[in-house]
Each structure stands twice: as structure tokens, then as C-alpha cells.
Protein chains: 2
Amino acid sequence: MRDFIEVLQKCALFDGIAPRDLNAMLGCLGGRVAAFERGESIFSAHGPAEDVGVVLSGAVQIVMDDFDGNRTIQDRVEPGGLFGEAFACAGVERLPVTVEGVTPGRALIIRLIRITATCSSACAFHNRMVMNLLRVMAARNLQLSRKLEITSRRTTREKLMAYLMSQAQEARSSRFTIPFDRQALADYLCVERSALSAEIGRLRREGVLESERSRFTLLGLENGGEL
Amino acid sequence: MRDFIEVLQKCALFDGIAPRDLNAMLGCLGGRVAAFERGESIFSAHGPAEDVGVVLSGAVQIVMDDFDGNRTIQDRVEPGGLFGEAFACAGVERLPVTVEGVTPGRALIIRLIRITATCSSACAFHNRMVMNLLRVMAARNLQLSRKLEITSRRTTREKLMAYLMSQAQEARSSRFTIPFDRQALADYLCVERSALSAEIGRLRREGVLESERSRFTLLGLENGGEL
DNA sequence: AAATGTATGTTGGAAATCCAACATGGAGGG
DNA sequence: CCCTCCATGTTGGATTTCCAACATACATTT
């Protein structure tokens with residue numbers, strides 16, 4: 001556990017809690033460290049949802065099975081990231097998703113109630129953690145809203161432009177690199193890869209943007225590059 | 001305000017707070033009651049996001065309008081329901097959505113900071129409210145995920161069926177009433193109203209479902225009606 | 001009854017997407 | 001260098017959606 005103190009300090013859940021207090025907290029929280037392999041389930045769909053997980057090393061992904069039995073990767077979580085918090089906080093009886101290892105690694109598993117229930121004595125940090133949880137979930141909410149805003153556009157071009165503009169805004173520059181290759185971007189935007197490529201070509205020919213692989217530059221934004 | 005005590009008791013934000021304590025709380029929170037008409041904005045896009053709203057009567061919906069006049073209904077909120085909490089908790093400067101009345105009604109508007117900042121004295125219920133907020137945001141999170149799951153389908157038919165099945169699941173019956181008219185359902189699913197109507201007609205002719213206005217029955221689910 | 005308004009269903013042509021297939025071009029290995 | 005692999009770009013025809021317009025049904029008002 002000692003090896004993971006640095007990761008935990010970066011974790012939003014422990015934001016504002018001093019390193020030396022962290023140890024006391026961890027004792028109070030009574031978590032356990034679970035090792036996982038690539039492809040191994042940490043939380044299983046239809047299982048209980050009482051626990052929150054923090055990735056300590058390696059990576060996990062949240063996988064959803066839809067009506068047709070197709071699997072969709074909802075999200076990927078890296079060290080310092082949380083998983084399962086929404087389900088535990090919402091108090092669902094059965095998890096609708098599976099959390100599985102993408103690589104071998106370890107995760108800290110904490111019973112949510114140990115975070116939210118104010119304990120008697122020393123660790124006065126429960127409130128802080130609850131507020132941190134609030135912030136994490138609100139941020140996640142916004143992210144989902146933004147994705148909805150993008151994917152609810154009707155045409156490939158509109159979705160692409162909405163995405164690129166949000167990326168430019170995030171990078172505070174009209175030149176930026178996106179974290180997707182073409183196929184992944186198409187999946188994200190809910191469009192065809194070929195239609196996406198075609199649209200990018202069209203926008204390039206129209207002088208709206210320049211692009212090379214995952215590197216994009218939006219033109220005609222009435223500035224040289226910085227936003 | 002007194003008239004709405006019953007609604008507030010049902011509100012997840014005040015869960016676990018006794019009726020007589022509610023009055024003291026409300027004083028401490030310093031909310032105001034806003035009346036709204038059908039189509040009137042309660043919160044406007046690009047405006048500040050410091051407030052949380054509770055629907056007291058009538059109904060509101062959270063909408064995103066884009067440049068082309070296409071609109072997406074993110075959600076509809078009935079009496080006792082909250083709106084705006086995620087944006088306030090995340091501390092965004094400008095709201096990315098509009099909240100408007102679906103029918104005439106009233107809403108209680110509370111400054112978020114009055115909920116999260118523990119006050120000096122009497123009202124020891126802030127902790128409880130923060131926990132309630134946590135639960136509400138988690139629930140909204142799940143809901144947004146579900147909506148993404150539905151709208152990320154490619155065809156009108158798939159979106160419609162995914163939606164109807166989720167509604168059936170929620171109602172625990174293959175016969176249920178949806179809270180949208182055709183235009184609103186189209187906006188929710190991000191499709192054309194006419195294409196939606198056509199698809200419903202097709203599904204009806206194929207014997208997949210029966211429908212009359214907002215009342216649907218899914219057939220061929222290997223059961224008489226109850227799920 | 002007539003007029004009006006609203007919700008839903010239907011239809012036809014324009015436009016966009018989807019899908020499959022192939023073209024291109026760079027990276028890396030033999 | 002040649003070859004393969006893989007990401008990306010391109011293209012054409014089948015399919016679907018989009019849009020505008022009109023049809024139908026029902027409720028309300030005058």
C-alpha cells in the first residue's frame with residue numbers, strides 16, 4: 001500500500017488530504033487492494049454495487065452489455081482514476097456494467113459507506129471526501145452532457161465540428177491533437193469511419209481546417225492560432 | 001411555500017429530513033420560488049450556474065439548442081425533481097443548457113453554496129443534504145449513460161426500440177405510457193418526427209408493437225404483458 | 001355546425017449516410 | 001529493397017434519413 005501513496009495523492013477522491021493524514025484515512029476506510037489480470041473482472045455485472053474502486057496501477061475499462069448482447073466500452077480508467085462510484089452512490093442493487101482489467105494491475109477497493117458514514121474520532125476528513133466525490137460526479141456529469149451535445153447533432157459534419165471546437169477550446173488553441181485515431185473518433189461520434197474521413201477531406205478542401213493524422217488546426221477563427 | 005411541503009418531502013434532496021425541520025432548513029437555505037409558464041426559461045443557456053432548482057409544480061425540461069435550430073431534450077423533470085445541480089456542483093461559469101417550462105408551474109431556486117457550506121448553528125442537516133445531492137447526481141449520471149446508450153444507435157428503429165425497451169423495463173410491463181408526444185420523443189431520440197412516425201407505423205404493421213398516442217405495448221416478448 | 005388548433009400519420013424527392021471495396025502511403029521487418 | 005501491415009483516404013451504389021407538404025382525427029371555441 002505504501003507504494004501507492006503517490007497515486008492516491010493524485011486521486012481526486014483524496015484531494016486536499018495531506019499525505020500523513022492519508023494513512024490514518026486509509027485505516028479508517030478499511031479498503032483492500034485487489035490484484036487483477038488482463039481481462040479479469042474486478043466488478044461483475046449483476047453483482048452488488050457497494051464498492052468504489054481506485055486504480056493503483058495498470059488500467060481497467062468499464063464495459064456495458066446492451067440489449068443485443070453487443071459490448072460497448074464505456075470508459076477506460078488509468079491510475080488515480082475512480083470507478084463504480086456512480087453506481088454505489090446511486091444505491092443500485094445490481095451493477096449494470098462490468099469492470100475488467102485492460103492490463104494487469106492493482107486497485108484499491110473501498111466500501112462506499114465507509115466514506116460517507118462519519119466516523120467517531122480522529123479522521124475528520126469524511127466531509128472532505130464526500131465533497132470530493134460530489135465534484136468528481138459533477139465533472140463526470142458534464143462530460144456526459146458534452147458528449148450528448150456532440151452526438152445529438154444530426155450530420156457527420158456537425159458532430160465533427162462540434163467535437164473539434166470543443167477540443168480546441170480545451171486546448172486553448174486552434175491547433176491540437178486528439179486522443180483518437182479515425183476509427184475510434186468515428187465510434188465516439190457515432191458515425192461511419194469512411195463518412196468521417198470524407199468529411200475531413202471536404203472540410204480541408206473548403207479551407208476550414210488542416211489536418212494530419214490526429215493533429216488538427218482550425219482555420220478562419222479570426223486569430224493566428226491561440227484562443 | 002407551505003403548499004409545497006409535501007412535494008419537498010418527496011424530493012430526494014430533502015430525503016430523511018423531518019417535515020418540521022424542513023421549515024428551519026428552508027429558512028437557512030434562503031431559496032426563492034419562481035413561477036414559470038409553458039416555454040418560459042427558468043435557467044438560460046450561457047447564464048450563470050450557481051443555483052439548484054426543485055420543481056414544485058408543473059414540469060420543466062432541460063434542452064440544448066444548436067445553431068441550426070435543432071433541439072435536443074436532455075431530460076424532463078417532474079415535481080420533486082432537481083435540475084441544474086451538476087452544473088452548480090461542477091462550478092461551471094456558464095450553463096450549457098436551457099431549463100424551460102413544459103407546463104406552467106413553480107420551482108424552488110436555491111443557491112448551491114447555501115447547501116454545501118455548513119452553517120453555524122441550528123440546521124444540522126447540511127450533511128444529510130450533501131449526501132442526498134450525491135445520490136441525485138449519481139442517479140442522473142446513470143440516466144445520462146442510458147440516454148447515450150440509446151441515442152448512440154445508428155438508425156431510427158434501433159433508437160426507438162432501445163428507448164421503448166428501457167421504458168418497458170422501467171415500468172416492469174410490456175404495456176406503458178411514455179412522457180413524450182411524437183415531436184418531443186423525436187427530439188429526445190435525435191431523429192425526425194416524420195421518420196419516427198413512419199417507423200412506429202412500420203413496427204406496428206410488423207406486429208412488433210401496438211400503440212395509441214403515448215401508450216405502447218411491446219409484443220412478442222414471450223409473456224402476456226407483465227415482465 | 002363551422003372554424004380553429006394540435007397531434008399524428010403519410011408521402012415523394014433531395015440529400016446524406018452506410019457499406020464494401022479498393023487505393024495510397026508510411027512504418028517496420030525480413 | 002521488397003514485403004506486409006495498418007491507418008487513412010476515396011469511390012459508387014443501396015439504403016436511410018431529412019424536409020416540406022399534405023391528410024386525418026380529435027378537441028375546443030365561436
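Order of the sequence lines fixes the chain letters, A, B, ..., with proteins taken first and strands second; residue numbering starts at 1 for each chain.
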Just the rounded figure in Å: distance from [atom2] of [N] to [atom1] of [X].
X	N	atom1	atom2	result
Arg157(B)	dT15(D)	CZ	C1'	14 Å
Leu160(B)	dT8(C)	CG	P	13 Å
Asp187(A)	dC18(C)	CG	C1'	14 Å
Arg182(A)	dT24(C)	CZ	C1'	15 Å
Leu196(B)	dT16(D)	CG	C1'	15 Å

Could you run through nucleotides 18-24 of chain D and give me one letter per nucleotide, 5' to 3': B if any protein heavy atom sits under 4.0 Å from the base, S if only the sugar-phosphate is that close, - if neither?
SBBB---
Set of residues satisfying side chain to side chain donor-acceptor pair (under 3.5 Å) with respect to Arg215(B), sequence neighbours excluded:
Thr177(B)
Could you work out, with side chain to side chain donor-acceptor pair (under 3.5 Å) as the rule, every residue matching Arg193(A), not counting sequence neighbours?
none
Under 4.0 Å, counting only non-hydrogen atoms across every strand here, what does Ser197(A) touch: a base, just sugar-phosphate, or nothing?
base
Would you say Glu212(A) has more than 12 foreign heavy atoms packed within less than 6.0 Å of its CD?
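Result for CD/Glu212(A): open.
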Under the salt bridge (charged side-chain N to carboxylate O under 4.0 Å, His left out) definition, can you give me all pairs with a residue in residues 85-104 of chain B, not counting sequence neighbours?
Arg71(B)-Glu100(B), Glu85(B)-Arg140(B)
What pairs of residues pass the salt bridge (charged side-chain N to carboxylate O under 4.0 Å, His left out) test when at least one of them lies in residues 39-61 of chain B, not counting sequence neighbours?
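Matches after skipping sequence neighbours: Glu50(B)-Arg111(B), Asp51(B)-Arg111(B).
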Taking the ring of Phe43(B) and the ring of Phe83(B), is the distance between their centroids below 6.0 Å?
yes
Should Arg202(B) and Glu199(B) be marked as a salt bridge (charged side-chain N to carboxylate O under 4.0 Å, His left out) after you check the CA-CA gap, both sets of side-chain angles, and the distance that decides it?
CA-CA 5 Å; Arg202(B) 217 167 294 141; Glu199(B) 199 60 56; 2.8 Å; yes
Is any side-chain heavy atom of Phe4(A) closer than 4.5 Å to one of Val54(A)?
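Side-chain contact under 4.5 Å: no.
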Proximity to DNA chain D (any heavy atom under 4.0 Å), residues of residues 199-212 of chain B only
none
